[in-house]
Amino acid sequence: QLQLVESGGGLVQPGGSLRLSCAASGFTFDHYAIGWFRQAPGKEREGVSCISSSGLTTKYADSVKGRFTISRDNAKNTVYLQMNSLKPEDTAVYYCAADDTATVQAMCAMLRNMDGWGKGTLVTVSS
């Protein structure tokens, strides 16, 4: 059974950093693209960053380019999202998702249903 568990969220001041982790189990991890998505209060869920199964291809939302970095460790079945220079508008619940056939572009654009989602971790950027 595909399972994804996010961790690393919390309260951080503007300009600060956090690293989110997405730990996977129950499926062949290195066959799946993994994406990070977020949903702020009153807003729709949006794609933040996605990484291909090999880790060679990545995609970022324009709003996070240059500040966030996605990476994966297939030996540890984990994907990371390093978030730097955080802004109040980054406040949201962050979710990871897995898909075995999507390109990173299609995945981050949420053009297809994902194979599985985590339950999310809350990131709050506030002074």
Side-chain angles (χ1 to χ4, degrees):
Q1 180 179 358
L2 189 153
Q3 186 173 9
L4 300 167
V5 179
E6 303 93 339
S7 61
L11 174 63
V12 63
Q13 292 186 343
S17 297
L18 283 175
R19 188 176 81 156
L20 305 184
S21 299
C22 172
S25 62
F27 62 103
T28 306
F29 182 72
D30 61 3
H31 289 186
Y32 283 70
I34 304 293
W36 283 99
F37 301 82
R38 67 186 180 187
Q39 188 164 18
K43 295 189 177 181
E44 293 188 353
R45 192 171 297 189
E46 63 174 352
V48 175
S49 183
C50 299
I51 188 166
S52 63
S53 57
S54 65
L56 295 178
T57 305
T58 57
K59 173 71 175 175
Y60 294 92
D62 288 343
S63 58
V64 307
K65 279 181 182 176
R67 301 188 297 123
F68 290 11
T69 303
I70 192 170
S71 62
R72 66 189 294 159
D73 185 339
N74 284 350
K76 295 183 177 180
N77 284 10
T78 302
V79 169
Y80 305 97
L81 185 68
Q82 178 67 42
M83 306 187 296
N84 298 328
S85 302
L86 283 161
K87 304 175 181 180
E89 51 264 42
D90 295 317
T91 295
V93 178
Y94 283 71
Y95 302 89
C96 62
D99 190 293
D100 67 346
T101 59
T103 64
V104 293
Q105 290 79 7
M107 190 177 194
C108 266
M110 301 179 70
L111 297 179
R112 50 183 287 116
N113 291 327
M114 308 298 167
D115 292 315
W117 289 88
K119 293 183 178 180
T121 185
L122 176 63
V123 172
T124 303
V125 185
S126 175
S127 54

Partner set under side chain to side chain donor-acceptor pair (under 3.5 Å) for Ser54, not counting sequence neighbours: Ser52

Cluster companions of Tyr80 among Ile, Leu, Val, Met, Phe, Trp, Tyr (side-chain spacing under 4.5 Å): none

Row check, Phe29 ring normal vs Arg72 NZ/CZ: under 6.0 Å, within 45°: yes

Nearest atoms (heavy-atom pairs only) where Leu81 meets Ser49: CD1-CB, 4.1 Å

Which donor-acceptor pairs under 3.5 Å do side chains of residues 16-28 form with protein atoms, sequence neighbours excluded?
{"from": "Ser17", "atom 1": "OG", "to": "Asn84", "atom 2": "OD1", "distance (Å)": "2.9"}

All pairs passing disulfide (SG to SG under 2.5 Å) where residues 23-94 contributes a residue, at least two apart: Cys50-Cys108

Glu89 atom CD: more than 12 heavy-atom contacts under 6.0 Å: yes

Heavy-atom side-chain proximity of Val48 to Tyr60 below 4.5 angstrom: no

Joint cluster assignment, Val104 & Val64, ILVMFWY side-chain distance < 4.5 Å: no

Salt bridge (Lys or Arg N to Asp or Glu O under 4.0 Å) contacts in which one or both residues fall within residues 5-17, not counting sequence neighbours: none

Minimum heavy-atom distance Arg112-Ala102, with the two atoms named: CD-CB, 3.3 Å

Side chain to side chain donor-acceptor pair (under 3.5 Å) involving Asn77 - partner list, sequence neighbours excluded: none

Gap separating the CD1 atom of Ile70 from the CE atom of Met83, nearest 0.5 angstrom: 11.5 Å

Other cluster members, Leu111 - Ile/Leu/Val/Met/Phe/Trp/Tyr, side-chain contacts below 4.5 Å: none

Residues that Asp62 engages under side chain to side chain donor-acceptor pair (under 3.5 Å), provided they are two or more places apart: Lys65

Listed once per pair and sorted, the disulfide (SG to SG under 2.5 Å) pairs that draw on residues 52-81, sequence neighbours left out: none

Separation of Asp99 CG from Tyr32 OH (nearest 0.5 Å): 8.0 Å

Between CG on residue Leu4 and SG on residue Cys96, distance to nearest 0.5 Å: 4.5 Å

Using atom types as modelled, flag every donor-acceptor pair under 3.5 Å from a side chain in residues 114-127 to any protein atom, sequence neighbours excluded.
{"from": "Asp115", "atom 1": "OD2", "to": "Asp100", "atom 2": "N", "distance (Å)": "2.9"}
{"from": "Thr121", "atom 1": "OG1", "to": "Gly9", "atom 2": "N", "distance (Å)": "3.1"}

Identify all side-chain donor-acceptor contacts of residues 33-41 below 3.5 Å with residues at least two apart in sequence or on another chain.
{"from": "Arg38", "atom 1": "NE", "to": "Glu46", "atom 2": "OE2", "distance (Å)": "2.7"}
{"from": "Arg38", "atom 1": "NH1", "to": "Asp90", "atom 2": "OD1", "distance (Å)": "2.9"}
{"from": "Arg38", "atom 1": "NH1", "to": "Tyr94", "atom 2": "OH", "distance (Å)": "2.9"}
{"from": "Arg38", "atom 1": "NH2", "to": "Glu46", "atom 2": "OE2", "distance (Å)": "3.3"}
{"from": "Arg38", "atom 1": "NH2", "to": "Ser63", "atom 2": "OG", "distance (Å)": "3.4"}
{"from": "Gln39", "atom 1": "NE2", "to": "Lys43", "atom 2": "O", "distance (Å)": "3.1"}

